[in-house]
Chemist: 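One structure is given below, represented as structure tokens, and several questions about it will come after.
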Amino acid sequence: MSEARTWNAVDDYLTGRLLGDDPDEALAAALRDSDAAGLPPIAVSPLQGKLLQLLAQLQGARRVLEIGTLGGYSTIWLGRALPADGRLVTLEHAPRHAEVALRNIARAGLAERVEVRVGPALESLPKLADEHPPPFDLVFIDADKANNPHYVEWALRLTAAGSLIVLDNVVRGGRVADLANTDPDVVGTRAALDLLGSHPRLSATALQTVGAKEYDGFALARVVG
């Protein structure tokens with residue numbers, strides 16, 4: 001069996017054992033509708049979605065910021081971790097993606113808890129900051145990778161000590177470690193990792209992953225000051 005087939009088989013095994021064999025209809029429908037609408041198949045995997053949910057629950061999160069909505073699949077996982085009076089703000093650049101996400105979020109029963117803001121995140125984030133919201137307990141960054149360092153900087157502005165920042169897709173098939181690689185997504189990810197590792201207000205680590213999302217990884221950073 002090839003490496004990729006092994007990774008997928010193990011992911012299927014773990015998903016069945018830990019998440020159950022019967023698909024969650026709201027989550028399954030979110031993926032189906034995203035695919036039918038032509039959205040790129042780059043949502044987090046079910047196991048990764050459950051990890052996000054557990055992280056939010058461990059944080060005792062009441063306020064979550066997501067940068068990169070896509071079809072709302074990860075949004076649903078995160079939204080389900082919030083209390084009834086919790087709030088999730090998710091930012092999506094593409095209006096078509098946001099339309100699909102809004103339907104998926106509503107079907108999951110989270111319309112009252114989740115706000116989708118449409119437009120470039122680097123335009124939405126200053127507007128959000130101007131509202132002087134309470135600090136977000138968790139920020140999940142999964143948008144265009146070239147702007148990752150800017151998203152980390154905004155995450156710091158919108159959080160407080162004890163908040164958690166999760167940065168997805170940081171390994172990029174191992175390309176992040178190839179210093180000769182000048183792809184903007186790789187360069188942006190590398191710069192974000194440098195920021196996570198050097199910023200005095202952050203304590204960070206990163207993990208490599210394999211599975212349905214192939215070879216990639218994510219970084220976790222706790223705001224410490």
Side-chain angles (χ1 to χ4, degrees), residues 1-15 18 39-56 58-59 64-70 73-74 77-78 91-93 120-122 125 136 138-159 163-225:
M1 185 180 293
S2 69
E3 271 190 344
R5 288 181 62 192
T6 300
W7 297 343
N8 289 335
V10 172
D11 248 23
D12 290 343
Y13 171 80
L14 293 174
T15 299
L18 300 176
L39 273 61
I42 54 175
V44 300
S45 72
L47 291 169
Q48 292 168 340
K50 185 60 178 288
L51 174 62
L52 290 172
Q53 185 182 82
L54 289 172
L55 288 172
L58 288 167
Q59 278 291 103
V64 170
L65 172 63
E66 179 181 51
I67 303 175
T69 315
L70 195 61
Y73 184 75
S74 55
W77 280 107
L78 286 165
L91 311 180
E92 174 52 48
H93 180 276
L122 291 180
L125 287 163
F136 288 95
L138 186 149
V139 179
F140 177 47
I141 301 171
D142 189 15
D144 55 307
K145 311 309 175 185
N147 282 314
N148 272 341
H150 302 302
Y151 297 146
V152 171
E153 289 168 351
W154 276 107
L156 274 166
R157 290 187 59 177
L158 292 164
T159 54
S163 297
L164 182 67
I165 299 170
V166 183
L167 179 63
D168 202 10
N169 306 126
V170 300
V171 173
R172 313 203 62 77
R175 294 186 298 279
V176 72
D178 177 7
L179 300 185
N181 190 312
T182 58
D183 179 272
D185 288 346
V186 173
V187 172
T189 298
R190 198 180 291 134
L193 290 169
D194 289 343
L195 179 59
L196 293 177
S198 63
H199 200 286
R201 291 185 58 213
L202 292 173
S203 175
T205 190
L207 294 175
Q208 301 179 74
T209 60
V210 296
K213 306 300 293 183
E214 299 182 350
Y215 177 33
D216 213 324
F218 62 92
L220 294 172
R222 184 171 176 83
V223 182
V224 296

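FYI, side chains are in, hydrogens and waters are out, and symmetry mates aren't considered; it's all heavy atoms of this structure. For clarity, every value in this text was computed on a predicted model and none was experimentally measured.
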Chemist: Can you tell me how far the CG atom of Asn181 sits from the CZ atom of Arg190, to the nearest 0.5 Å?
Modeler: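 Here the rounded value is 6.0 Å.
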Chemist: Any side-chain heavy atom of Val139 sitting closer than 4.5 Å to one from Leu158?
Modeler: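 No, their side chains stay 4.5 Å or more apart.
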Chemist: Quick one: CG on Leu138 to CG on Leu164, what's the gap to the nearest 0.5 Å?
Modeler: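 CG of Leu164 is found 5.0 Å from CG of Leu138.
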Chemist: For the residue pair Ala219 and Leu196, what are the closest heavy atoms and their distance?
Modeler: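 Ala219 and Leu196 have their closest heavy atoms at CB-CD1, 3.8 Å.
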Chemist: Can you name the side-chain contact (heavy atoms from CB on, under 4.5 Å) partners of Asp144, sequence neighbours left out?
Modeler: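 Here the qualifying residues are Asn147, Tyr151.
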Chemist: Under a 4.5 Å cut-off applied to non-hydrogen side-chain atoms, are Leu51 and Val166 in contact?
Modeler: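 Contact flag for Leu51/Val166 side chains = no.
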Chemist: Considering non-hydrogen atoms only, spot the tightest contact between Ser74 and Leu52 and give its length.
Modeler: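 That closest heavy-atom pairing would be CB-CD1, 4.1 Å.
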Chemist: Any side-chain heavy atom of Asn169 sitting closer than 4.5 Å to one from Lys145?
Modeler: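 Asn169 reaches Lys145 side chain to side chain.
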Chemist: Taking all non-hydrogen atoms of both residues, which atom of Pro149 and which atom of Ala192 are closest, and how far apart?
Modeler: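 Nearest pair, atom of Pro149 first, then Ala192: N-CB, 3.8 Å.
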Chemist: Within this structure, what is the CG-CZ distance for the pair Leu65 and Phe136, rounded to the nearest 0.5 Å?
Modeler: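 Taking CG in Leu65 and CZ in Phe136, the distance rounds to 5.0 Å.
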Chemist: Gly211 and Asn8: which non-hydrogen atoms are nearest, and at how many Å?
Modeler: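 Closest approach of Gly211 to Asn8: O-OD1, 3.6 Å.
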Chemist: So Phe140 and Val64, do their side chains get closer than 4.5 Å, heavy atoms only?
Modeler: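 No, too far: nothing below the 4.5 Å cut-off.
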Chemist: State, to 0.1 Å, how close Asp185 and Ala146 come at their nearest heavy-atom pair, and which atoms those are.
Modeler: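 Here Asp185 and Ala146 meet closest at OD1-N, 3.4 Å.
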Chemist: Within the side chain of Asp168, is there an N or O that forms a donor-acceptor pair under 3.5 Å with the backbone of Phe218?
Modeler: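 No; zero donor-acceptor contacts below 3.5 Å.
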Chemist: For residues Asp142 and Ile42, determine if any side-chain heavy atom of one lies less than 4.5 Å from a side-chain heavy atom of the other.
Modeler: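 When only atoms from C-beta onward are counted, Ile42 and Asp142 do not touch, as no gap falls below 4.5 Å.
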Chemist: So which heavy atom on Ser45 is nearest to which on Gln48, and how close?
Modeler: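 Here Ser45 and Gln48 meet closest at N-OE1, 2.9 Å.
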Chemist: What is the distance from atom NZ of Lys50 to atom CG of Leu55, rounded to the nearest 0.5 Å?
Modeler: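 The CG atom of Leu55 is 11.5 Å from NZ of Lys50, to the nearest 0.5 Å.
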Chemist: Quick check: do Asp11 and Pro46 have side-chain heavy atoms less than 4.5 Å from each other?
Modeler: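 They are not in contact (no side-chain heavy atoms under 4.5 Å apart), so the answer is no.
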Chemist: Walk me through whether Val176 and Val170 qualify under side-chain contact (heavy atoms from CB on, under 4.5 Å).
Modeler: CA-CA 7 Å; Val176 72; Val170 300; 5.9 Å; no
Chemist: Could you work out, with side-chain contact (heavy atoms from CB on, under 4.5 Å) as the rule, every residue matching Val223, not counting sequence neighbours?
Modeler: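 So Val223 forms a side-chain contact (heavy atoms from CB on, under 4.5 Å) with Leu156, Thr159, Ser163, Ile165, Arg201, Leu202.
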Chemist: What distance separates Asn148 CG from Leu195 CG, expressed to the nearest 0.5 Å?
Modeler: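 One gets 10.5 Å once the value is rounded to the nearest 0.5 Å.
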Chemist: Find the distance between CG (Asp183) and CZ (Arg175) and round it off to the nearest 0.5 Å.
Modeler: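 With rounding to 0.5 Å, CG (Asp183) is 7.0 Å from CZ (Arg175).
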Chemist: Would you check if the side chain of Glu92 reaches a backbone N or O of Leu70 as a donor-acceptor pair within less than 3.5 Å?
Modeler: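 Present.
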